[in-house]
Every structure is written in structure tokens, then in C-alpha cells.
Amino acid sequence: MSLLDAPAYDPTADNRKRNIIIAAIATIFLLIVLAFTGYVSGHGWLFTNLGAEHKINRFFVALEAKDYATAYGIYNNDPAWQQHPQQYSGYPLQRFTEDWTTFSPIKAPITQHHVDKSISDGSGALGTGVIVAVRVNGDNKVFMYVNKTDGTITWPAPHMFEY
């Protein structure tokens with residue numbers, strides 16, 4: 001085979017290669033934008049804290065509705081807690097209800113809330129937990145901690161942050 005017998009040029013392979021390179025660059029750019037947007041907006045790198053924020057939102061919605069049994073299940077990450085209440089004898093529903101009504105640092109019943117921001121906390125690349133800042137009844141800031149390993153909620157959070 002000589003140079004004069006070379007096969008005809010087929011632009012399909014070159015077009016495919018160009019399209020793959022463009023798609024890879026666009027994907028990397030989009031990933032970088034999403035990572036920084038999530039961080040800057042207060043929802044964690046690549047919006048990794050949204051699950052914890054939604055859990056805290058459901059928790060406060062239950063408290064606003066005065067559905068303390070549901071809130072207690074969310075707090076312990078066990079919606080079927082009523083089938084085995086002896087597991088939670090160290091912090092029973094009655095004490096939980098008192099903590100969020102009578103002895104609450106928020107001096108009025110919870111009527112509104114807004115999840116403001118969250119940060120990862122603990123060791124590792126994305127932390128072992130998430131601290132979620134919630135504004136309750138307009139001006140009270142509450143910091144809740146969601147444990148990533150078992151999904152339970154702790155209040156107060158081990159740390160607070162400024163925002």
C-alpha cells in the first residue's frame with residue numbers, strides 16, 4: 001500500500017472525538033460551578049447538605065403542627081419508634097415534648113421557621129455530621145446537628161457559626 005492508495009478521509013471519527021472532548025470539558029466546568037455554587041449558597045460542596053436540611057425542615061414542620069410523635073421519630077431517625085419505645089427510655093417522648101415546649105429556649109410555641117444555612121462538621125472530606133442553622137419564629141437562631149452515620153438529630157449542635 002502506497003501513499004497514493006490511502007483510504008478516503010472520513011470526518012465521522014474526527015467529529016466524534018471533538019464532541020467527546022467538548023462534552024468532557026463542559027461536564028468538568030459544570031461540576032466546578034455546582035461545587036462552588038453549593039458551597040457559596042450555604043448548602044455544602046455539590047449541595048451535599050441538602051438531605052440534612054430537608055430532615056431538619058420536616059422536623060420543624062412537625063413541631064409547628066404540634067405533632068410531637070412525628071418530630072420525635074425524625075429526631076431519632078426512627079419513624080416506627082412507637083413499636084419499640086423501650087429503646088428510647090433514656091430520652092422518652094414526654095421529655096422531648098417538654099424540651100420543645102415548656103423548657104424550650106424559644107419562649108413561644110414554634111409557629112414558623114426557615115432553614116438558613118448548613119455546614120459540614122467533623123473529620124473526613126465531607127465531615128461526620130451537618131450543622132444546620134434555622135431561624136425560628138422570625139429572629140431566634142437554632143443550630144441543629146444531623147449525624148451522617150445514623151441520621152439522628154442532636155440539639156444543641158456542638159458548634160455554632162456566624163452567617
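- Atom CG of residue Asp99 and atom CD of residue Gln94 lie 10.5 Å apart, to the nearest 0.5 angstrom.
- Looking at Trp100, Phe103, Tyr91 one by one, the single match for ring-ring contact (aromatic ring centres under 6.0 Å, His included) with Trp155 turns out to be Trp100.
- Within a 6.0 Å sphere centred on CD of Gln87, heavy atoms belonging to other residues, nucleotides or ligands number more than 12.
- In this structure, the side chains of Lys117 and Val132 stay at 4.5 Å or more apart for every pair of heavy atoms.
- In this structure, CE in Met144 is found 8.0 Å from OG1 in Thr154, a value given to the nearest 0.5 Å.
- Heavy atoms only, all atoms of each residue included: Gln112 and Gly138 are closest at NE2-N, 3.4 Å.
- No side-chain donor from either of Asn19 and Arg16 sits under 3.5 Å from a side-chain acceptor of the other.
- Placement of Phe36 and Ile28 within a single hydrophobic cluster is found when ILVMFWY residues are connected by side-chain heavy-atom separations under 4.5 Å, directly or transitively.
- Within the structure, salt bridge (Lys or Arg N to Asp or Glu O under 4.0 Å) contacts touching residues 133-158 (residues at least two apart or in different chains) are Asp116-Arg135.
- Taking the six-membered ring where tryptophan is involved, the planes of Phe96 and Phe59 are perpendicular, since the angle between them exceeds 60° and thus also 30°.
- Cluster annotation: Val146 and Phe47 are assigned to distinct hydrophobic clusters (Ile/Leu/Val/Met/Phe/Trp/Tyr, side-chain heavy-atom contacts under 4.5 Å, transitive).
- Looking at Val130 and Glu53, their side chains never come closer than 4.5 Å, going by heavy atoms from C-beta outward.
- Using modelled atom types, one side-chain atom of Asn76 and one backbone atom of Tyr72 make a donor-acceptor pair closer than 3.5 Å.
- Atom CD1 of Ile131 sits about 4.5 Å away from atom CD1 of Ile119, to the nearest 0.5 Å.
- Centroid-to-centroid, the aromatic rings of Trp81 and Tyr88 stay 6.0 Å apart or farther.
- Nearest heavy-atom pair, Asn49 versus Ser118, reported as atom, atom and distance to 0.1 Å: CB-OG, 3.1 Å.
- Atom-to-atom distance recorded for Arg58:CZ and Lys55:NZ is 6.0 Å, nearest 0.5 angstrom.
- For Phe29, the CZ atom sits in a loose shell: 12 or fewer heavy atoms of surrounding residues, nucleotides or ligands are nearer than 6.0 Å.
- The structure places CG of Leu63 at 10.0 Å from OG1 of Thr70, a figure rounded to the nearest 0.5 Å.
- Put simply, Tyr75 and Leu93 are part of the same group of oily side chains (I, L, V, M, F, W, Y) that touch within less than 4.5 Å, one to the next.
- Atom OG1 in Thr152 sits 13.0 Å away from atom CD1 in Ile74 (nearest 0.5 Å).
- Counting only residues at least two apart or in different chains, ring pair (Phe, Tyr, Trp, His ring centres under 6.0 Å) contacts with residues 130-153 comprise Phe143-Phe161.
- At most 12 heavy atoms of other shown residues, nucleotides or ligands fall within 6.0 angstrom of atom CD in Glu162.
- At least one donor-acceptor pair under 3.5 Å links the side chain of Asn137 to the backbone N or O of Pro109.
- Within the 4.5 Å cutoff, side-chain heavy atoms of Leu46 are placed close to those of Leu31.
- Checked by atom type and distance alone, the side chain of Ser104 never pairs as donor or acceptor with a backbone atom of Thr101 at under 3.5 Å.
- The two residues Gly151 and Asn77 come nearest to each other via the heavy atoms O-CB, 3.4 Å.
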